[in-house]
> 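I am attaching a structure below and will ask some questions about it afterwards.
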Amino acid sequence: MKDKIFLVWKHLKQGTLKKIWKQTLWIYQYGKRYWKAMILYTLLGITGTGVSLISSLISKDLVDIITGHQTGKLLSTFAAMIGFSVANILVSQASGYASTFINLKVDSEIKNDIFSKMLVTDWESLTDYHTGDLVTRWSSDASNISSGILNWIPNLIIYTFRFISALAIVLYYDPTFALFALLGMPFSALLSRPLLRRMRDNNQRSAAMNAKLYGFNQEAFSNIQTIKAFDLIHFYTDKLKSLQKDYIDMRLDFQKMSILTSVLMSIIGFIVSYSCYGWGIYRVWSNAISYGTMTMFLSLSGTLTSAVNSLVSLIPSAISLTISAGRLMDIVEMPQEDYSQDSAVRSFEKQYREEGIGLNMQDLSYTYHNGTSVFANASMEAYPHEIVALVGPSGEGKTTMLRLILSLLTPQTGSFHVCAGKNHSNMLDMSPSTRKLFSYVPQGNTMFSGTIAENMRNVKQDATDEEIIEALKLACAWDFVEKLPDGIESVIKERGGGFSEGQAQRLSIARALLRKSPILLLDEATSALDVATERKVLRNIMQDTYPRTCIVTTHRPTVLNICTRVYAIRDKRCEVLGDGEIQKMVKEF
Ligand SMILES: Nc1ncnc2c1ncn2[C@@H]1O[C@H](COP(=O)(O)OP(=O)(O)OP(=O)(O)O)[C@@H](O)[C@H]1O
């Protein structure tokens with residue numbers, strides 16, 4: 001007893017019980033929305049149990065009538081038995097259909113909810129997780145929660161009802177029989193203990209391993225070109241084998257334990273059913289009960305054993321539920337982005353659509369969560385019809401600056417606004433809501449699989465073919481799209497496959513231009529183009545009548561001459577470069 005108190009105290013101290021309690025509350029918060037579905041589920045289960053118990057009673061009457069122990073109408077009892085058997089089939093099929101329907105619906109709803117929560121989670125916090133891990137949490141853990149919510153409480157009620165009602169019937173007809181039928185219960189409880197102890201640990205390890213395997217496969221398939229190019233095929237197949245071996249070892253280890261437990265459970269099951277059988281024969285032989293009662297007892301002893309086993313199996317499913325809840329809570333309880341300025345941004349955009357919107361940053365400082373300090377008291381500004389360049393050596397902070405502009409990162413100090421109106425005096429704080437004002441062309445290939453037109457319409461659903469072609473022309477992409485047999489209906493493979501890097505970059509720029517956002521951000525977005533095309537694209541953007549503010553990051557000073565202002569990112573600040581310095585950079589390039 002002392003040991004147990006110590007164990008509970010140890011768990012409390014480590015916070016395990018507190019954690020499980022928090023996870024249970026979290027599941028409850030989700031579960032309470034689906035109380036109607038749960039009631040329906042429970043009622044269907046209870047009806048099924050009721051129908052099958054009545055069938056047992058009728059079958060007892062039938063046997064007793066046949067063996068002459070009871071007088072009654074054979075035909076009507078037989079008809080009732082058939083009727084209830086059919087009802088049993090119908091109820092179980094209807095309940096199967098209803099449960100599949102509810103399950104699918106609730107599963108999609110919960111996944112949708114978690115997906116949207118993940119999307120509004122603070123970006124930097126989210127990047128601590130591998131995408132494979134995120135997908136596994138979203139798919140298997142969310143499914144676990146939805147099926148758990150629907151099944152756990154209803155099953156607890158249904159199994160308890162099944163157990164109590166079967167026990168009541170047995171007790172009514174012959175209490176001694178109940179003793180035999182419940183013979184296995186203490187053994188089942190005893191056996192389930194060691195299994196449960198390892199269940200939580202195993203569940204956690206298994207979820208982490210699944211995520212690792214999924215992440216490995218996902219990364220390998222998306223980097224197949226690199227794997228081939230570095231001749232890493234054997235290395236990767238061996239790596240997969242080693243991961244699979246770890247997974248198999250873990251599963252087998254657990255399986256051994258399960259096999260041992262289920263063999264012991266089955267032996268107990270045999271002992272119980274043969275004891276019931278023997279006791280039944282003895283009672284019939286001593287004329288204490290009829291044949292019919294014996295048949296009924298045998299079927300009810302099966303019902304009792306299965307109800308007990310089902311009740312015991314609810315414990316591991318509760319453990320796996322809380323583990324999944326914990327894994328989802330890790331994600332959805334991270335800081336969330338604040339979109340409260342959405343309507344203010346929308347009216348700001350509407351008000352200044354004609355004259356354009358710029359941005360202004362003063363004395364901003366930013367340090368990543370891991371302690372890398374990138375900016376300290378940095379200031380910069382960019383206004384409509386300007387192309388502002390950010391230059392600097394690799395790793396100095398150009399991409400970080402664009403992430404700050406997009407509010408993917410939140411500065412620790414300083415002021416940062418979008419601005420418009422006379423002397424840029426009308427300002428709005430930067431926030432995730434101000435992202436609507438931007439179009440962003442990141443480094444690398446960011447086209448989705450689908451046709452060119454579909455990719456374009458991803459950012460502007462109602463774009464006409466003419467508008468798409470206009471944007472392609474501005475981005476110097478129309479030259480090659482025009483020559484394709486299917487034109488804008490040509491298919492792009494995953495990650496821009498089927499097009500050269502430079503072509504994919506121009507398509508990405510066209511997509512950003514089509515969106516007609518007040519501020520355009522190009523992160524090394526013209527790096528794969530030849531200098532002449534790069535300059536032409538930027539000139540086109542500048543000459544476009546749309547009042548756009550354009551910010552580009554570049555390693556190539558060849559385009560700096562056509563920029564309105566050039567900032568060099570140095571010593572954690574943004575310094576405006578004079579003409580002399582720009583010319584020097586161009587010469588030295
Ligand atoms: N997610 C991150 N977490 C922590 N540190 C980061 C993260 N991303 C970038 N850094 C660090 O911030 C600094 C600036 O990186 P950034 O990507 O902004 O440079 P950059 O100027 O765009 O480089 P490049 O020209 O090579 O693209 C680097 O020291 C980098 O290691």
Side-chain angles (χ1 to χ4, degrees), residues 118-134 215 219 226 330-331 334-337 359 361 364-380 382 387-414 416 430 432 435 438-446 495 501-502 504-505 508-509 512 519-529 531 534 538 550-560 563 565-577 581-582 585-586 588-589:
M118 278 176 159
L119 290 188
V120 296
T121 296
D122 169 62
W123 176 81
E124 194 181 355
S125 312
L126 208 58
T127 53
D128 286 341
Y129 291 82
H130 192 287
T131 48
D133 189 7
L134 291 179
E219 234 169 50
T226 318
D330 285 347
I331 307 294
M334 282 195 285
Q336 302 272 300
E337 292 179 327
L359 59 87
M361 177 183 101
L364 177 141
S365 303
Y366 184 74
T367 303
Y368 277 105
H369 290 177
N370 68 356
T372 309
S373 160
V374 187
F375 290 105
N377 299 317
S379 302
M380 68 159 274
I387 293 190
V388 170
L390 300 173
V391 295
S394 171
E396 204 67 25
K398 300 180 291 297
T399 302
T400 305
M401 176 58 79
L402 295 186
R403 286 177 186 152
L404 284 162
I405 292 175
L406 286 166
S407 299
L408 292 169
L409 304 173
T410 314
Q412 280 86 22
T413 57
F416 204 177
M430 285 287 196
R435 260 177 230 153
F438 295 91
S439 283
Y440 175 44
V441 186
Q443 293 183 18
N445 202 325
T446 57
R495 295 212 291 172
E501 277 291 310
Q505 272 193 344
S508 301
I509 297 171
I519 306 169
L520 174 66
L521 306 175
L522 303 173
D523 188 6
E524 306 280 355
T526 48
S527 59
L529 305 184
V531 174
E534 183 179 36
L538 292 176
C550 182
I551 300 174
V552 296
T553 72
T554 180
H555 279 294
R556 297 201 301 198
T558 38
V559 292
L560 299 185
C563 292
R565 205 162 34 262
V566 177
Y567 288 98
I569 299 184
R570 292 188 187 132
D571 303 329
K572 303 183 186 176
R573 285 165 192 263
C574 304
E575 283 179 23
V576 180
L577 293 186
E581 253 182 306
I582 294 174
M585 277 175 83
V586 175
E588 284 170 1
F589 182 64

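Given the structure is predicted, the values throughout are model-derived calculations rather than measurements. Whatever order the structure lists ligands and atoms in, that order sets their numbers, starting from 1.
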> Heavy-atom distance to atom 19 (O) of ligand 1: which of Gly371, Ser373, Pro393, Gly397 wins?
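That would be Gly397.
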> List the closest protein heavy-atom neighbour of atom 23 (O) of ligand 1: residue, atom name, distance to the nearest 0.1 Å.
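For atom 23 (O) of ligand 1, the nearest protein heavy atom comes out as Gly395 N, 2.8 Å.
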> Ignoring hydrogens and geometry, is there a side-chain-to-backbone donor-acceptor pair from Glu575 to Tyr567 under 3.5 Å?
no
> Below 4.0 angstrom, counting only protein heavy atoms, does anything approach atom 31 (O) of ligand 1?
no
> For salt bridge (Lys or Arg N to Asp or Glu O under 4.0 Å), just list the numbers for Arg573 and Glu396, CA-CA rounded to whole Å, side-chain angles, deciding distance to a tenth of an Å, and then say yes or no.
CA-CA 10 Å; Arg573 285 165 192 263; Glu396 204 67 25; over 6 Å; no
> For atom 28 (C) of ligand 1, is the nearest protein heavy atom closer than 4.0 Å?
yes
> Does any N or O atom in Val374 lie less than 3.5 angstrom from one in ligand 1, N or O only?
no
> Examine distances only and state if a side-chain atom of Lys398 and a backbone atom of Ala568 form a donor-acceptor pair shorter than 3.5 Å.
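Side chain of Lys398 to backbone of Ala568, a donor-acceptor pair under 3.5 Å: no, none is there.
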> Testing the 3.5 Å rule here: is there a donor-acceptor pair between the side chains of Thr121 and Gln336?
yes
> Which heavy atom of Met118 sits nearest a heavy atom of Leu134, and at what distance?
CE-O, 3.6 Å
> Where is the nearest protein heavy atom to atom 11 (C) of ligand 1: which residue, which atom, and how far?
Tyr368 CE1, 3.9 Å
> Any atoms of ligand 1 less than 4.0 Å from a non-hydrogen atom of Thr400? List them with their elements.
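Contacts of ligand 1 toward Thr400, numbered from 1: 14 (C), 15 (O), 16 (P), 18 (O).
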> Determine, stepwise, if the pair Thr400 / Tyr368 fulfils side-chain hydrogen bond (donor to acceptor under 3.5 Å, both in side chains).
CA-CA 9 Å; Thr400 305; Tyr368 277 105; 2.9 Å; yes
> Closer than 4.0 Å to some heavy atom of Arg403 - which atoms of ligand 1 meet that?
8 (N)
> Should Gly392 be listed as contacting ligand 1, given a heavy-atom distance under 4.0 Å as the test?
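Flag not set, Gly392 not near ligand 1.
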> Test of understanding: with ring-ring contact (aromatic ring centres under 6.0 Å, His included), list the residues that count as partners of Tyr129, not counting sequence neighbours.
none
> Does an N or O from Glu396, backbone or side chain, lie closer than 3.5 Å to an N or O of ligand 1?
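Yes.
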> Does Ser394 reach ligand 1 with a nitrogen or oxygen that is under 3.5 Å from one of the ligand's nitrogen or oxygen atoms?
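By distance alone, the answer is yes.
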> Any sub-3.5 Å donor-acceptor pair from Thr553's side-chain atoms to Leu390's backbone N or O?
no
> For atom 17 (O) of ligand 1, grab the closest protein heavy atom and report residue, atom and distance to one decimal in Å.
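Looking at atom 17 (O) of ligand 1, the protein heavy atom closest to it is Thr399 CB, 3.7 Å.
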